[in-house]
Amino acid sequence: MQETQVAGDVHTAVKGPGKHFYIESYGCAMNFSDSEIIGSIMTDNGYTHTNDEFAADVVFLNTCAIRDNAEQTIRHRLMHLRNNKRKNSGLIIGVLGCMAERLKTKLLEEEKLVDVVAGPDAYRDLPKLVAEVEDGNKAINVLLSREETYAEISPLRLNTNGVSAFISIMRGCDNMCSFCVVPFTRGRERSRDPESILNEARILSQSGYKEITLLGQNVDSYLWFGGGPKIDFKNATEEQKANAITFDKLLEMVALVDPQMRIRFSTSHPKDISDAVLHTIVKYENICNYIHLPAQSGNSRILEAMNRTYTREWYLDKVNRIREIIPGCGISCDIISGFCSETEEEHRDTLSLMEISRFDFSYMYKYSERPGTLAQKKMTDDVPEEVKSRRLSEIILLQNRLSLENNRQYIGKVVRVLADNLSKKSDKDLSGRNDQNVKVVFPKETFSIGDFVDVLIERVTTTTLIGKAIK
Ligand code: SAH
Ligand code: SF4
Ligand code: F3S
């Protein structure tokens, strides 16, 4: 996006149009997507986005609270911002997102330099909150909503490559996994009006985007009955059920917007992903053969303690079902090491689940106790730190081997890649992803970012397929 010229280096608190805001996002894709909604709300209210934090009158940190280290990162960042504030006393600092929601007024009290605190459902209020600070007050809104989906807000695409974009299809989460803070920071689950989702997809297609990712904490429970309060599918009338838009139907509707545009989605919950979704993936060429299916653990007792509501066997059956219906489907996973009371044997169950499922890649974490969660209230975080670390290393080591073995299967094969960036290592190479979401790097030659390129894979690493375009 073209930035307007920023005047001088002396900043005073100026009201109204002409002020600049800067936003930094942490955490999951949902937060990055929210920042684009925030961007839109702020620009609609006369603010201009800047990528230069030192040129900003308002600095927003859109924060994550998922693990303790995520919050520590924000605290360090806030300490650095103190310097900016010393040079520019009118600077307004806002903490938004999940950590803001979790800590509420505490952030204003503990971090004296924070001026604005706004939770994930309060972004429409941001211009007003900033104005209150300009009037000399601190400002906070951490109310969670049962309805807010920011449905009609057209996101301001920030730091975009013009190729891939996120579309948020729902907010919140009703699952209450015992380790997880998200239900507390993002509130109850609600689905967004499908018409507004399709509109956003159409706009992206018309603007030349080549890939969209539908976002939700649990996309498989997307459900639209035509507005109004959420009805549990089980309690709906036959007529309501027949007219309901479930995730498979939404996926189909989005796929039909532009057959040239790739569709991805995240995250799928093993208890909810249906055969209908799998068949829809197969039916449409442009829906990527890739599913992010977090297991968290491979042991049924731990899964129960985590309140994941499925067993090891259920999970493995889902993986089989995916492989049966979508041959060659990429599957990735999230895993937590050292959850409360996890034994060595139970940890080995996680390793064996990974081995059987042969994940293409995984996001792997040490359990971090979060205040307010069921696990924090009812269980003891009793696996010693060094045991969590050692188990995590074993998990990572195994995943690296599985990734390498999976990647080796591509050698000598041609994969279709959407080039979405220059390679990090060399600007003579392009980087992109294949259908299964594996990273591919190849010489740029005459290709551009945004091109679909057929690449012959010659060698691989644990994370990357490397090859050459075939003409
Ligand atoms: N909605 C998604 C994931 C959201 S959070 C799902 O249901 O899978 C992303 C990942 O962070 C989780 O899958 C989990 O692996 C990890 N995570 C969440 N809470 C955590 C905690 N307290 N400690 C360590 N990892 C955690
Ligand atoms: Fe957290 Fe579970 Fe909801 Fe995912 S499904 S956001 S892990 S509570
Ligand atoms: Fe973090 Fe909130 Fe996402 S806690 S992972 S930013 S939903």
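FYI, side chains are in, hydrogens and waters are out, and symmetry mates aren't considered; it's all heavy atoms of this structure. For ligands, and for the atoms within them, numbers begin at 1 and follow the listed sequence.
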Asker: Verify whether one side chain among Arg312 and Ser352 offers a donor that lies under 3.5 Å from an acceptor in the other.
Answerer: yes
Asker: Using a strict 4.0 Å cut-off to heavy atoms of Pro294, name the atoms of ligand 1 that fall inside it.
Answerer: 8 (O)
Asker: Which atoms of ligand 1 are found less than 4.0 Å from any heavy atom of Tyr365?
Answerer: 10 (C), 11 (O), 15 (O), 16 (C), 25 (N)
Asker: For ligand 3, is any non-hydrogen atom under 4.0 Å from Arg186's backbone (N, CA, C, O), its side chain (CB onward), both, or neither?
Answerer: side chain
Asker: Are the charged groups of Glu111 and Arg77 less than 4.0 angstrom apart, N to O?
Answerer: no
Asker: Any donor-acceptor pair under 3.5 Å linking the side chain of Ser268 with the backbone of Leu293?
Answerer: no
Asker: Determine, using heavy atoms of Met364 and all atoms of ligand 1, whether some pair is separated by less than 4.0 Å.
Answerer: no
Asker: Measuring from the heavy atoms of Arg186, does anything fall under 4.0 Å of ligand 2?
Answerer: no
Asker: Tell me the protein heavy atom at minimum distance from atom 3 (Fe) of ligand 3, and give that distance in Å.
Answerer: Cys28 SG, 2.3 Å
Asker: Just go through Ser33, Gly27, Cys64, Ala65 and tell me whose heavy atom is the nearest to atom 1 (Fe) of ligand 3.
Answerer: Cys64
Asker: What residue and atom, counting heavy atoms only, is the protein's closest point to atom 2 (Fe) of ligand 3, and at what distance?
Answerer: Cys98 SG, 2.2 Å
Asker: Would you please determine whether Val182 falls within less than 4.0 Å of ligand 1 on a heavy-atom basis?
Answerer: no
Asker: For atom 6 (C) of ligand 1, which of Val181, Asn175, Thr267 has the closest heavy atom?
Answerer: Thr267
Asker: In terms of atom number and element, which parts of ligand 2 are under 4.0 angstrom from non-hydrogen atoms of Arg308?
Answerer: 2 (Fe), 7 (S)
Asker: With a 4.0 Å cut-off on heavy atoms, does Gly97 reach ligand 3?
Answerer: no
Asker: Closer than 4.0 angstrom: is that true for some heavy atom of Asn218 and an atom of ligand 1?
Answerer: no
Asker: Given that the side chain starts at C-beta and the backbone is N, CA, C, O, which of these parts of Ser368 lies under 4.0 Å from ligand 1, counting heavy atoms, or is it both or neither?
Answerer: both
Asker: One residue to check: Lys366. Relative to ligand 1, which of side chain, backbone, both or neither has a non-hydrogen atom less than 4.0 Å away?
Answerer: backbone
Asker: Any Lys/Arg nitrogen of Glu211 or Arg264 sitting under 4.0 Å from an Asp/Glu carboxylate oxygen of the other?
Answerer: yes
Asker: Heavy atoms only, cut-off 4.0 Å: how does Arg308 contact ligand 1, side chain, backbone, both, or neither?
Answerer: side chain
Asker: At a non-hydrogen distance cut-off of under 4.0 Å, which region of Ile336 contacts ligand 1 (side chain, backbone, both, or neither)?
Answerer: side chain
Asker: Is the side chain of Tyr315 donor-acceptor paired with the backbone N or O of Ser357 at a distance under 3.5 Å, no angle test?
Answerer: no
Asker: Is it true that Glu324 and Arg321 make a salt bridge, defined as a side-chain N closer than 4.0 Å to a carboxylate O?
Answerer: yes
Asker: Can you tell which part of Gln217 has a heavy atom less than 4.0 Å from ligand 1: side chain, backbone, both or neither?
Answerer: both
Asker: Does any donor atom in the side chain of Glu53 or Asn84 lie under 3.5 Å from an acceptor atom in the other side chain?
Answerer: yes
Asker: Short of 2.8 Å from atom 1 (Fe) of ligand 2, name each protein N/O/S atom, waters not counted.
Answerer: Cys180 SG
Asker: Do Arg301 and Asp349 meet the salt-bridge criterion of a basic N to acidic O distance under 4.0 Å?
Answerer: no
Asker: Under a 3.5 Å threshold, yes or no: a donor from one side chain and an acceptor from the other, between Asn421 and Arg433?
Answerer: no
Asker: When you compare the side chains of Asp420 and Ser164, does any donor N or O come within less than 3.5 Å of an acceptor on the partner?
Answerer: no
Asker: Of the backbone atoms (N, CA, C, O) and the side-chain heavy atoms from C-beta on, which set of Gln217 has a member under 4.0 Å from an atom of ligand 3: side chain, backbone, both, or neither?
Answerer: side chain
